[in-house]
Amino acid sequence: MTHPFTPGPIDEDLWALTQYLLKCGDLLDDLTRQPGEAPQRLADTIRAGSSLYRTSLHTGKLLAQASLSDAATTVDGQEAITVLRRLTEATSNAAVRASDAVSALAHGDTASANELLEHSRAHLYRTPVAVQDVSSALLRHDGYLYAQKQAAWENSGTSTPTVKVSEAQRRGLAAFARGEAVVHEGAAGTREVIAPLSAHIRGTTIDALIDKGLISLTPLVQQDRYGVQLTAAGVQALVSARPVRNCGLVRTTPTPVRAKDTTLPARPRR
């Protein structure tokens, strides 16, 4: 018996995750730059560890939501799940290292604590950027499913040849599919997406989609701003395209990190 899909992560949850990650990074940076006295440093390290623990729980919740949603049914959705899994591992490892640093400080081992805090910070490397990748992937995932429904409703894909698109163009079509994007056209004729911010589409890709007749621009009230809609050919090109799996996903931890000697001395039995 199959179970119905549940809703996946929403933009507000991902925005909150970005803020949590930035806060954790700031707390760890402050500990690195300003060692402080032992009692205050221990209290600050406990606070940083608690913040990391809450962040790891939030990240794990988003991973569970994405895994239980329909995200696994598309390549873009699977990419979002993969990045969320890496983020969950990164935040969990960072929280563990911070907890080890608390233990080291409690035993007076400042050197090991400093090293552990550096390792904790390393696990957060580029994590806010990775959250943006999740937002972009889920935007494309939703767009592709929307285009599928639109193609089925219009019964398109049989009368005219399908326009072939590159992977960058396919991603652009998927991001534009829901018709909610806004493009700004500069004085020099350059175009950039200003909404949604997670679209991440180059101006050259927008130009190529226009030249191929796959999207249309509609002037908005604000000057030099245009709404974007997929044409019938654009819908057909999107649902017919073969997605390329992204092998260059953002790494959250640059290299595996291990403390050189963080084993605390055994406490004598009483």
Side-chain angles (χ1 to χ4, degrees), residues 8-11 14-15 18 71 73-80 82-83 126 128-154 156-157 159-250:
I10 59 177
D11 291 339
L14 294 170
W15 180 86
T18 301
T73 63
T74 69
V75 168
D76 295 309
Q78 292 168 12
E79 179 180 323
T82 298
V83 179
R126 300 198 73 190
V129 176
V131 178
Q132 294 179 13
D133 289 344
V134 175
S135 298
S136 299
L138 290 177
L139 174 67
R140 297 193 302 272
H141 161 74
D142 290 339
Y144 177 77
L145 294 183
Y146 183 86
Q148 274 191 324
K149 293 178 182 179
Q150 189 175 2
W153 182 67
E154 295 176 352
S156 61
S159 57
T160 59
T162 300
V163 179
K164 293 184 178 181
V165 294
S166 66
E167 176 60 13
Q169 292 166 4
R170 182 201 70 82
R171 288 173 171 245
L173 288 172
F176 288 147
R178 295 186 64 86
E180 300 170 349
V182 177
V183 168
H184 173 263
E185 185 171 303
T190 57
R191 300 184 177 97
E192 63 175 345
V193 180
I194 59 176
L197 296 177
S198 58
H200 300 310
I201 304 171
R202 294 183 176 182
T204 53
T205 301
I206 299 174
D207 295 340
L209 294 176
I210 294 175
D211 292 341
K212 289 184 175 183
L214 302 180
I215 62 173
S216 61
L217 302 183
T218 303
L220 301 178
V221 176
Q222 291 178 292
Q223 187 177 5
D224 300 328
R225 283 170 169 75
Y226 301 85
V228 185
Q229 295 82 32
L230 265 63
T231 63
V235 173
Q236 182 178 337
L238 175 56
V239 297
S240 302
R242 291 187 177 182
V244 177
R245 293 185 179 276
N246 187 3
C247 298
L249 299 176
V250 171

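Everything quoted here is computed from the prediction, not taken from an experiment. Heavy-atom basis, side chains included; hydrogens, waters and symmetry copies ignored.
The side-chain heavy atoms of Leu217 and Arg191, taken from C-beta on, include a pair separated by under 4.5 Å. The shortest side-chain heavy-atom distance between Val228 and Leu209 does not fall under the 4.5 Å cut-off. Counting heavy atoms from C-beta outward, Pro9 and Val134 have side chains that stay 4.5 Å or more apart. When side chains are defined from C-beta on, Pro243 counts as touching Arg170, because their heavy atoms get closer than 4.5 Å. Counting heavy atoms from C-beta on, the side chains of Leu238 and Leu214 never come closer than 4.5 Å.
Nearest heavy-atom pair, Gly234 versus Leu173, reported as atom, atom and distance to 0.1 Å: O-CD1, 3.9 Å. Scanning all heavy atoms of the two residues, the minimum distance from Ile201 to Gly172 falls at CD1-CA, 3.7 Å. Between Ala199 and Leu139, the shortest heavy-atom contact is CA-CD2, 3.8 Å. When all heavy atoms are compared, the tightest approach of Ala241 to Val165 is CB-CG2, 4.0 Å. Of all heavy-atom pairs spanning Ser136 and Ser198, the tightest one is OG-O, 2.5 Å.
Taken to the nearest 0.5 Å, the CG atom of Leu145 stands 9.5 Å off from the CZ atom of Arg178. Between atom NE2 of residue His184 and atom CG of residue Asp224 there is a gap of 5.0 Å, rounded to the nearest 0.5 Å. Going from atom CD of Gln222 over to atom CD1 of Ile194 covers 7.0 Å, rounded to the nearest 0.5 Å.
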Might you work through the side-chain contact (heavy atoms from CB on, under 4.5 Å) test for Phe176 and Ile206, ending with a clear yes or no? CA-CA 10 Å; Phe176 288 147; Ile206 299 174; 4.2 Å; yes

Apply side-chain contact (heavy atoms from CB on, under 4.5 Å) to residues Tyr144 and Arg140 and explain how you reach the verdict. CA-CA 6 Å; Tyr144 177 77; Arg140 297 193 302 272; over 6 Å; no

Residues His141, Thr73; criterion side-chain contact (heavy atoms from CB on, under 4.5 Å); working and verdict: CA-CA 9 Å; His141 161 74; Thr73 63; 4.0 Å; yes

Decide yes or no on salt bridge (charged side-chain N to carboxylate O under 4.0 Å, His left out) for Arg126 and Asp133, but give the supporting numbers first. CA-CA 11 Å; Arg126 300 198 73 190; Asp133 289 344; over 6 Å; no

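The closest donor-acceptor contact from the side chain of Thr205 to the backbone of Gln169 lies at 3.5 Å or more, if one exists at all. Distance alone, capped at 3.5 Å, is enough to place a donor-acceptor pair between the Glu167 side chain and the Val244 backbone.
With Leu138 as the fixed residue, the side-chain contact (heavy atoms from CB on, under 4.5 Å) test singles out one of Leu14, Asp76, Ile10, Val83: Leu14.
Around CG of Leu197, the count of heavy atoms belonging to other residues, nucleotides or ligands within 6.0 Å does not exceed 12.
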